[in-house]
Amino acid sequence: MQNSILDTPIEYLKGVGPHRGDILKKELQIFTFKDLLNFYPNRYLDRTKYYKINELTYHLTSEVQIIGKIIHIKTVEQKRGKRFVATFMDETGKIELIWFQGFKWIKENIQLNTPYVIFGKLNHFNGSFSMPHPEMELLSEHKQNLRSGLQPVYPSTEKLVQKNITNRSINKIMQQVFSETQRFFTEVFPTHLINELRLLPKNEAFLNIHFPQNSELLAQAEFRLKFEELFFLQLQLLSKNIVRKQKIQGFPFDKVGAYFNSFYNEHLPFPLTNAQKRVLKEIRSDMGNPAQMNRLLQGDVGAGKTIVGFMAMLLALDNGYQACLMAPTEILANQHYIGIKELADKVGIEVGILTGSAKTKERKDIHERLESGKLQILIGTHALLEDKVVFKNLGLAIIDEQHRFGVEQRSKLWKKNVIPPHILVMTATPIPRTLAMSLYGDLDVSVIDELPPGRKPIQTLHFFEGKRLRVWHFIKDEISKGRQVYIVYPLIQESEKLDYKNLMEGYEGISRDFPLPQYSISIVHGQMTPKEKDAEMERFVKGETNIMVATTVIEVGVNVPNASVMIIESAERFGLSQLHQLRGRVGRGAEQSYCILMTGNKLSDDTKVRMETMVRTNDGFEIAEVDLKLRGPGDIMGKQQSGVLNLKIADLVKDQEILKLARHKAIEILKDDINLEKEQNQTLKTILQKMSEKNIIWNYIS
Ligand code: ADP
Ligand code: MG
């Protein structure tokens, strides 16, 4: 019953009709009564104050409202088109009201010498004021209407303005929808939750969000509706996670066997940090369960994720399964291979590598050993996903730097076995907690929030182009102490050619300023073959060259402990998380390391914040929070993913506390009643079912 009226098409609302209905659908995606109710104001204006015309000053930059009468109207022809002008007067003076478009309706309906309340922004010209496109309302109606001192302002579009669907019109149809539906809003929350959190009931929340009775009630209405929105998101994510765990069986790795134990007891190259131990425990307990693991391992650059991943692999091997690790670039895959092979050799494990550049013969060999089960660990790039790559029994798939891989690719890995392997996704791009909570609510998250001991924090400095000589001096000093230096240039797909040119020019300049035989320089860029890249990288890794000039191909993973300086050219062209990633290439040895951000002189406000943030902190999570504030969730997670969230009122940046509360409550309810079978949870269940029918959340692996 509730649905039937709230689902009524919007054109059937009195005062809307087919024509306006179409516009509302196209411009605001309002299709039904319910959509209209869920169309929330952007902000609220104080309408308790009525100005007299002689009180107006040009300091008044926001809207003002005035009571008065129209005493004269005229249409003025201009070269650029017509405008319609009304002279508006109160007992203290006159101003002009001006319409440039959509004034046919105004012209026909305006009443002369009748009290109106007008509302809008002022223009100030030659000591007199005018108000373009005011909102107008007869004083007599103004007094009767459902309203308060707080006037909601709804989002608008150009088309709406043209069609004369003003804020006032929205307000009017909102009143209409209230009078037609009010008694039908049913409460969605169980009474105990309403009482416990002292939530405003649904009816009052809707009423106060659209017609705030006072600011206290408005705040409560906002809280309630934001909480509701986030709560259902969490409920959906969490219950999916639980369902997945119930339904999707994985391999229970219940044995901790010889590989793990002998590595842990005899071959650990260093003591694990507490954070590493904790995370390893989480992974072990996950994989020890029959449910398939789906875990995100977050840890800042250099936090030591690799060894954790390796030890998880050992567990798989101990239980008779194979493991694989997929990295986004060839360089990174190689580096992982070298590092992991070194560890694996100690306990006698066979490790292979498969990348795009593998020769046919090597490939065949890998395929065979993999299928027979002889090869226990396979490391590689996207090449792992090819159909020809068949495991005997893949038990654990690790994905490094997941931001580079799409969901589709992840699910390909997943299908490599009849029973899906456990999945561990490692990322060095810290995702702000709130985002992780709302987007990966169905993924379990482990965080390594502690760096291995003995690292000196990297010092970050920002220089304008004019200070380049000083920077070069500094590099020479460092090189004379035996250190190595990265100089990184931007590489952005759209302007690849230009970037290449910049890189080459930069390289020539550097070659001149750091001449042979005293200095030797490596260069790595996207136009080289993987082989050439590796050879150059190799020279730098071995310390044969002092300087590595590169585009951002070295961004992820590369490990050269002797490199102590990272120069980032045109740093203004990098996003915060990229800058942070690049910086993470240094500071891996015992020496003091530096990151130098080079920029032009003119910086946008955002860029200034980015540079200041980098200089101020090394904490990847703090940086991620700033990034989230600067760019919003859309840009960080990709439009598609955040668009799916489609939050109408809550804001992932501003409403973190509400999000936490919502998550906490959702967990509490699910713990108590996992399938939402209790009487009190029936409304929750219905809403949840509707949400999954619409498939609101897609972002999980299966
Ligand atoms: P990331 O998390 O960025 O992938 P790595 O796993 O590459 O970091 O580790 C960075 C460096 O720190 C490596 O040289 C690794 O051997 C070293 N490392 C990792 N854990 C520890 C530890 N507990 N103590 C000392 N060094 C460690
Ligand atoms: Mg790594």
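As the structure lists them, so they are numbered: ligands from 1, and atoms in each ligand from 1.
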Item to check | S564-S593 side chain donor-acceptor pair, cut-off 3.5 Å | outcome: no
Next on the checklist: I need the full list of salt bridge (charged side-chain N to carboxylate O under 4.0 Å, His left out) pairs touching residues 472-482, with sequence neighbours left out, sorted by first then second residue.
Outcome noted: E478-K481
Next on the checklist: Is there a polar contact, in the sense of an N or O pair closer than 3.5 Å, between L272 and ligand 1?
Outcome noted: no
Item to check | Cation-pi, F260 ring and R284 (6.0 angstrom, 45 degrees) | outcome: yes
Next on the checklist: Please check whether G304 reaches ligand 1 - meaning an N/O of the residue sits under 3.5 Å from an N/O of the ligand, judged on distance alone.
Outcome noted: yes
Checklist entry - If we only count N/O pairs under 3.5 Å, is G302 in contact with ligand 1? => result yes
Checklist outcome for this item: Short version for K277: what comes under 4.0 Å of ligand 1, heavy atoms counted, is neither
Checklist entry - Going by heavy atoms, is H336 under 4.0 Å from ligand 1? => result no
Next on the checklist: Can you confirm whether the side chains of Q484 and N546 place a donor and an acceptor under 3.5 Å from each other?
Outcome noted: no
Item to check | Distance filter under 4.0 Å to T273 heavy atoms, resulting ligand 1 atoms | outcome: 23 (N)
Checklist entry - Hey, is R363 close enough to E386 for a salt bridge, meaning N to O under 4.0 Å? => result yes
Next on the checklist: Any heavy atom of G299 closer to ligand 1 than 4.0 angstrom?
Outcome noted: no
Next on the checklist: Under 4.0 Å between a side-chain nitrogen and a carboxylate oxygen: does that hold for D286 and R295?
Outcome noted: yes
Checklist outcome for this item: Counting from 1 in the order shown, the ligand 1 atoms closer than 4.0 Å to a non-hydrogen atom of T306 are 4 (O), 5 (P), 6 (O), 7 (O)
Item to check | Test side chain to side chain contact (heavy atoms under 4.5 Å, CB included) applied to N289 - qualifying residues, sequence neighbours left out | outcome: none
Next on the checklist: If we set the cut-off at 4.0 Å for heavy atoms, which region of P271 has an atom near ligand 1: side chain, backbone, both, or neither?
Outcome noted: backbone
Checklist entry - Considering only heavy atoms, does Q276 approach ligand 1 within less than 4.0 Å through its side chain, its backbone, both, or neither? => result side chain
